[in-house]
Amino acid sequence: MSLKILDKGAVAPLVNALMADYRVIGPRAKGPTFAFGPINDPAELRLDYNTTILPPKKVLQPPQERLAAFTMLGEPHVEPVIEAGPTVLLGVHTCDLHAIRLLDKVFSQDYPDAHYLERRRQTIIVSLECLEPCDEHSFCKSMGTLTADEGYDLHLTDLGLAYAVDVATEAGEDLLSRYGTAREATEADIRRLNEVLSAKWPRFTYRLDFDAAELPALLSTAYNHPIWDELGERCLSCGSCTNVCPTCYCFNVFDEVNMALTEGERRRCWDSCQLDEFARVAGGENFRQDRAARQRHRFMRKGKYLYEKFGMLGCVGCGRCIRTCVAHISIVEGFNTIHGSA
């Protein structure tokens with residue numbers, strides 16, 4: 001819609017004003033790392049963060065949430081529970097932005113999820129252009145997620161003393177005009193923005209040995225590849241890789257009932273296809289009992305299955321799964337190995 005300039009000194013007043021009307025969520029320091037959490041003081045916001053432990057999907061699809069409340073005595077009654085409120089999600093990196101775009105498709109097609117969609121409707125996203133790699137595990141350039149031109153309301157690019165603000169939606173325009181003190185971009189600002197964006201690309205390296213667009217076809221021929229047995233031998237089935245993934249959305253649903261058996265809640269929580277019990281069904285049968293099969297399923301989901309269903313790859317190159325894996329399994333090395341033997 002337009003390009004604005006927000007001086008860095010105006011960021012704290014903007015955040016402070018937003019806190020009066022919104023739940024503000026952004027990256028905060030957590031020891032030596034960072035995590036998305038509530039911003040109660042503008043000084044807590046760290047737009048200079050590299051990456052976060054968990055992706056911002058946790059704001060839209062919480063690790064645990066209530067789905068419904070019910071009573072069991074007299075005339076049984078079930079009441080849906082949707083826990084959502086006006087939220088500003090600040091500082092979303094472009095890789096995570098692509099992941100949210102995928103989740104928007106996942107939760108709006110086939111069986112629309114009212115809980116996710118209502119939180120998404122009430123969330124304004126302020127994303128952030130990455131100008132440096134998060135660390136050696138980032139491979140966003142290979143996955144085409146190093147930048148974005150949709151999925152956000154406002155998009156910030158660090159120009160040094162100020163942020164260039166790409167205003168993409170009416171909600172973003174309204175937020176900036178009501179709470180901020182941004183000015184119109186000048187020709188000099190636009191030249192500076194182009195310089196910054198041009199300079200960032202050489203800092204990022206391609207880590208896949210091939211074009212990511214080849215992944216669906218490549219994996220179609222790799223179902224019986226020996227790499228799955230090798231990865232299965234190493235994998236501990238801890239589920240860490242899927243817990244930190246910005247595009248994994250599997251969940252379990254369970255009921256909690258009070259001691260008097262008069263009322264309860266239906267809840268859901270994140271689940272993982274890498275856990276042994278995930279594919280266990282009635283009678284004790286487990287249709288993905290072997291760790292090799294579970295690793296194959298994870299790779300196929302990221303590089304093939306989600307693309308076939310939603311038109312987007314299920315991996316955005318954030319590198320979180322590589323950082324967190326205690327067995328040092330790298331999805332990049334896995335994809336490259338399969339490509340090298342094709």
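No experiment lies behind these values; they were computed from the predicted model shown.
Between Arg234 and Asp229 there is no salt bridge, since none of the side-chain N atoms of the basic residue sits less than 4.0 Å from a carboxylate O of the acidic one. Under the 4.0 Å criterion applied to side-chain N and carboxylate O atoms, Glu65 and Arg267 are not assigned as salt-bridge partners. Salt bridge annotation for Asp290-Arg296: absent, with no cationic side-chain nitrogen under 4.0 angstrom from a carboxylate oxygen. By the 4.0 Å N-to-carboxylate-O rule, Arg280 lies close enough to Asp276 to be salt-bridged with it. A salt bridge links Glu118 with Arg121: the distance from a Lys NZ or Arg NE/NH1/NH2 to an Asp or Glu carboxylate oxygen falls below 4.0 Å. Salt-bridge check for Lys200 with Asp158: failed, with every basic side-chain N at 4.0 Å or more from each acidic carboxylate O.
Hydrophobic clustering places Leu6 together with Val92 (ILVMFWY residues linked when any side-chain heavy atoms are closer than 4.5 Å, directly or through intermediates). Tracing side-chain contacts under 4.5 Å through hydrophobic residues (I, L, V, M, F, W, Y), one never reaches Leu176 starting from Leu159; they form parts of separate clusters. Linking ILVMFWY residues whenever their side-chain heavy atoms come closer than 4.5 Å, directly or via other members, leaves Leu14 and Ile5 in distinct clusters. Ile53 is not connected to Val316 by any chain of hydrophobic side-chain contacts under 4.5 Å among Ile, Leu, Val, Met, Phe, Trp and Tyr, and they are in different clusters. Put simply, Leu275 and Leu54 are part of two different groups of oily side chains (I, L, V, M, F, W, Y) that touch within less than 4.5 Å, one to the next.
With a 4.5 Å cut-off between side-chain heavy atoms of Ile, Leu, Val, Met, Phe, Trp and Tyr, the cluster of Leu215 takes in Phe139, Met143, Leu208, Phe210, Leu218, Leu219, Tyr223, Ile227, Trp228, Leu231, Phe299, Met300, Tyr305, Tyr307, Leu313, Ile322, Ile329, Ile331, Val332, Phe335, Ile338.
Here Asp255 pairs with Arg266 under the salt bridge (charged side-chain N to carboxylate O under 4.0 Å, His left out) rule; sequence neighbours left out. For the ring pair (Phe, Tyr, Trp, His ring centres under 6.0 Å) test, no residue two or more places apart in sequence or in another chain qualifies with Phe251. In this structure, the side chain to side chain contact (heavy atoms under 4.5 Å, CB included) partners of Arg23, at least two apart in sequence or on a different chain, are Ile25, Val59, Thr87. With sequence neighbours excluded, the residues that form a side chain to side chain contact (heavy atoms under 4.5 Å, CB included) with Ser108 are Leu117.
Contact between Ala213 and Pro216 at its shortest, heavy atoms only, is O-CD, 3.5 Å. Across all non-hydrogen atoms, the minimal contact from Lys8 to Gly160 is NZ-O, 2.9 Å. Heavy atoms only, all atoms of each residue included: Glu129 and Leu146 are closest at OE2-O, 3.9 Å. Across all their heavy atoms, Arg28 and Ile39 have their closest contact at CG-CD1, 3.4 Å. The nearest pair of heavy atoms linking Arg320 to Pro56 is NH2-CD, 4.2 Å. Shown here for Thr242 and Ser272, the closest heavy-atom pair between the two residues is OG1-OG, 2.6 Å.
Residues Ser240 and Asn243 bring no donor and acceptor atom of their side chains to less than 3.5 Å of each other. One side chain, His77 or Glu79, offers a donor N or O that lies under 3.5 Å from an acceptor on the other. A side-chain N or O of Asp21 and one of Tyr179 form a donor-acceptor pair less than 3.5 Å apart. No hydrogens or angles considered: a donor-acceptor pair under 3.5 Å links the side chains of Thr169 and Asp153. Lys30 and Thr52 share no donor-acceptor pair across their side chains, judged by distance under 3.5 Å alone. Asn194 and Ser198 form no side-chain donor-acceptor contact under 3.5 Å, judged by distance and modelled atom types alone.
With Trp270 as the aromatic partner, Lys57 meets the cation-pi criteria of under 6.0 angstrom to the ring centre and within 45 degrees of the ring axis. For the pair Lys141 and Tyr206, the distance from NZ or CZ to the six-membered ring centre is under 6.0 Å and the angle to the ring normal is within 45 degrees.
Residues Gln274 and Arg291 form no side-chain contact, since every pair of their non-hydrogen atoms from C-beta on lies 4.5 Å or further apart. Arg323 places a side-chain heavy atom less than 4.5 Å from the side chain of Ser138. Between Gln295 and Arg298 the shortest side-chain heavy-atom distance falls below 4.5 Å.
The ring-ring contact (aromatic ring centres under 6.0 Å, His included) pairs that include a residue from residues 115-135 are Phe107-Tyr116, where partners are two or more places apart or lie in different chains.
Between the side chain of Asp166 and the backbone N or O of Leu156, no donor-acceptor pair lies under 3.5 Å. In this structure, the side chain of Thr71 does not engage the main chain of Glu263 through any donor-acceptor pair within 3.5 Å.
The environment of Glu233 atom CD is sparse: at most 12 non-hydrogen atoms of other residues, nucleotides or ligands sit within 6.0 angstrom.
Classification of the His93-Tyr49 ring pair by plane angle, with boundaries at 30° and 60°, yields parallel.
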